[in-house]
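I have placed the structure first, in the form of structure tokens, so that the comments after it can refer back to it.
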Amino acid sequence: MSAVDERRSGPGALASLRLRYSRTFGMAALIALLAFLSLYPVSMLLFGSFHTTPPGVAGAFDLAGYREVFTSETGLVLLNTVGISLAKTIPSLALAALLAWIVARTDTPARGVLEALVTLPFFIPPILTAMAWGMLGNPQVGAVNQAWRWITGSQAALFNVYSYGGVVWHMMQYSTPFLFLFIVEAFRAMDPSLEEASRMCGASQGQTLRRITLTLMLPALTTGFLLSFIRGLENFESPLFFGTPVKIQVVTTLIYDSINQRSVPEYEFATAMSFAVLALMCLLVFWQWRLLGARSFQTVTGKAYAPRLIKLGPWRWATFAICVLFFVVAVVLPVGQLLAGSMFRFFGFYSWDMLTLDHWTEAFDNSDIRRGFLNTLALGLAGATLTMILGGIVAYVSVRTRWQGRRIVDILAWLPWMMPGMVLGVGFLWGFALLPGPVSIYGTIWALLIAYVALGTPLSTRVMSSSYHQLAYDLEECARVHGAGFWRTLWSIVVALSWPSFAVGWVLTFFGIMRELSASILLYSAGSEVLSVVLLRLWGNGQSEVVSVVGLCTMALVLLFRWAQARFLARAVATG
Amino acid sequence: MVEVVLEKVSRKFGGFVAVDDVDLAVRRGEFVTLLGASGCGKTTTLRMVAGLERATSGRISIDGEIVEDAERNIHAPAERRRLGMVFQSYAIWPHMSVFGNVAYPLQIRRRPKAEIATKVAAALRLVEMDRFVDRPATALSGGQQQRVAIARALVFEPTVLLLDEPLSNLDARLRAQTGDEFRALQKRLNIATLYVTHDQSEAMALSDRVVVMHGGRALQIGPPEDLYRRPASAAVASFFGAPNLLAARVTACQRDGDCFRLSLDGETWSGGGCAARDFAVGEPALAIVRPENIRWGDAPSGAAVWKGEVQASVFRGATRSLHIATASGLLRVEAPALASFAVGAQTQFWTGEEGVWVVPPDHASGS
């Protein structure tokens with residue numbers, strides 16, 4: 001483009017010169033902003049991991065933090081983390097593949113509704129289901145165990161949620177719909193004649209499913225597996241709720257505990273640990289690239305397929321029941337528990353004379369809750385909007401221009417992808433404390449906003465770039481040829497055509513902020529608490545009844561957004 | 001020997017009748033084509049034979065064995081029917097090599113390794129793809145994928161081959177060449193073939209017999225030349241080319257061997273014609289006149305004659321298409337390319353008795 005510009009003379013030359021300078025300046029500003037969001041916390045992590053004192057306090061540099069990281073105790077915690085993540089990813093993937101197959105490829109009744117129900121747990125903040133399952137699966141007074149004793153007459157509990165099994169169980173409820181969203185489109189996009197050809201070759205339905213359908217889905221399944229595994233390593237809520245009380249430790253809870261739960265916060269160790277986790281994530285992500293770069297089956301072609309579904313006969317009611325059962329376990333039980341918890345005087349004592357609305361009035365009168373709610377809402381609205389705008393700009397620059405530096409922009413925006421919320425939180429903890437200048441971010445609500453934008457940018461960039469990829473270049477070029485300027489084109493063609501993706505991404509980012517806990521818990525301070533932090537504190541104080549009220553209100557908000565998204569927007573983009 | 005028999009086969013989707021009472025028998029070694037526009041039920045018919053779709057009424061038997069009987073609730077699943085099938089998208093499995101794709105039907109049948117290797121090699125040689133055995137399926141062009149699909153359908157030596165628009169994804173040049181090659185292969189193997197297409201020239205060039213389908217019904221079944229020259233209705237005639245359809249009244253009708261000779265009175269013309277059935281004197285009829293059968297200049301006695309002005313003359317290379325405005329309406333004429341016609345010139349056109357085929361008017365033909 002610039003080569004053509006240079007050959008012009010007269011007034012055009014001046015205009016193109018000005019354009020080129022403003023573009024260089026704009027790119028520099030964008031790179032600086034992204035570097036502040038991703039590169040800065042990473043370098044601060046590195047700095048802090050050698051620093052003997054907490055952030056903001058003068059100290060010396062040594063290797064004590066790393067020496068503590070490379071001990072057998074920490075190694076065991078790491079193994080524990082990997083083991084738990086594997087233990088939840090494998091059954092989740094099997095279940096998600098089954099559900100995706102049922103919804104996308106069979107004639108199970110009410111598939112559209114089932115799909116919405118099955119994906120719903122993905123949008124519910126895990127902290128809410130964790131609290132609900134904490135009540136449901138309590139070995140003494142949990143509703144599930146009470147029901148079990150009542151049915152069987154036995155004295156023992158059916159299960160204790162405060163265990164390895166409980167941690168895995170809770171993680172699965174989130175990762176199954178996540179994997180489902182990730183792979184269902186692959187099932188849907190498959191050419192059904194690939195399966196029919198196998199039947200014509202003499203293979204039974206079972207052989208076809210094994211040798212054709214599942215094998216073809218292998219790339220999607222492997223990608224999903226790795227993503228879900230990485231998410232499992234980053235998970236904080238499940239081990240915090242169900243592992244910490246019984247001394248089951250994973251890396252995220254270890255980092256959290258060494259900052260927040262020790263008499264003297266061990267910042268150096270926590271930071272060194274975070275940096276080690278970051279390095280591990282780096283390796284995992286590169287391994288994933290190498291593994292998947294080689295195999296990509298082109299099963300999705302441009303042709304439209306008549307949706308030919310597998311006729312299950314009477315079995316379709318069994319598949320229907322599987323989907324409904326998942327929904328009942330992952331949504332109805334926890335929501336029911338929250339409802340029951342909010343209506344009875346004491347958690348665990350369910351009888352008519354215990355019914356009360358006191359907890360509702362208490363919750364609405366509680367100023368902490370109100371403030372947390374308003375903070376979360378403000379951060380959600382502002383954070384989602386800023387994240388999507390930033391993602392839209394980054395994606396535009398990297399997908400649709402040939403500007404210099406667009407690769408750097410792309411990589412910087414993607415960098416937080418490898419950082420668990422906890423790790424990014426520690427990085428910003430150092431970053432904000434050491435930030436020079438008169439403006440203080442440390443301990444304000446801006447700290448949370450910046451962290452949320454950084455955490456959300458990889459996803460928003462992905463959503464927007466896949467949307468731009470679908471826009472034909474001629475649409476944009478045609479507008480330019482017909483006399484529209486750069487900004488005019490951007491507005492009237494690119495924005496006008498990609499706003500549905502923007503909206504889908506906005507809702508996803510908003511949900512992401514609503515459920516964020518691991519970074520928030522490190523970066524909040526008095527006055528800037530978000531709802532998840534307030535809930536955690538109330539839960540810690542044993543106020544599970546009030547927690548239930550807030551949980552229900554949040555759940556209602558989630559349902560409202562989900563409904564609006566389904567009503568006004570096309571199919572949600574599967575998240576990465 | 002009859003391989004595939006369809007008896008009064010129908011398929012309803014809710015209230016919509018996709019296939020309506022189709023009767024058909026495909027003999028051994030015969031190439032039968034189902035021809036029709038999209039949505040006419042041809043693909044559904046093929047899929048019912050394959051066992052991928054159930055018939056709502058009627059009976060299908062393959063090789064003397066009943067595989068589908070809606071009344072007795074018999075439905076042999078697709079994998080038990082032992083039919084070779086080539087899909088419109090070819091359905092080449094992208095996660096296998098060419099060898100893996102072609103060997104699949106034999107592996108499913110648990111044949112020994114050595115036998116699989118020789119049979120796959122033979123099948124690939126048949127379609128001239130033996131050089132590509134180890135290629136990954138994703139590295140094949142459309143034409144190559146189509147050949148692999150045919151090899152896969154033939155490798156287990158089925159007695160019947162089903163093809164669902166296998167040439168529609170190829171470009172025009174490749175389509176003609178592949179079609180000819182395929183026809184030669186089919187004749188050599190002497191395999192009963194049921195072929196679906198919407199392309200009339202493909203159907204005529206390849207088939208022993210063509211089934212013209214419309215609205216789920218089989219309008220006419222016969223060899224391509226019969227369908228072209230002696231269509232049962234205007235609808236069938238219109239499938240092949242763009243004939244002139246002229247309303248007329250029968251003034252005389254006389255049997256002559258297996259057809260009937262008629263005298264016709266048109267709006268501004270009169271002449272002779274032939275028909276497949278008896279017409280009463282005074283009965284309304286439709287005269288089908290192919291554009292390429294129309295001559296110009298002095299007419300012999302008894303010929304149907306039209307006078308008109310040349311409105312358009314389009315040079316098409318091999319031929320020249322003329323639009324003639326006559327008193328009986330627009331007349332389309334295909335003339336040799338070198339014949340010169342000035343636009344606006346008044347010319348006389350005619351055709352003899354052999355150029356006029358007479359069918360009942362559309363509303364009476366039951367289509």
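Here is the naming used below: chain letters follow the sequence lines, and residue numbers restart at 1 for every chain.
No side-chain donor-acceptor contact under 3.5 Å links R199(A) to the backbone of E195(A). Panel note: side chain R111(A), backbone T108(A); a donor-acceptor pair is recorded below 3.5 Å.
In this structure, R188(A) pairs ionically with E115(A), as a charged nitrogen and a carboxylate oxygen lie closer than 4.0 Å.
Rounding to the nearest 0.5 Å places CG of L6(B) at 9.5 Å from CD of E68(B).
Comparing R152(B), R82(B), M96(B) by how many heavy-atom pairs each has under 4.5 Å with chain A, the most go to R152(B).
Residue L106(B) does not touch chain A at all, counting heavy-atom pairs closer than 4.5 Å. Only the side chain of R109(B) comes within less than 4.5 Å of a heavy atom in chain A; its backbone stays farther off.
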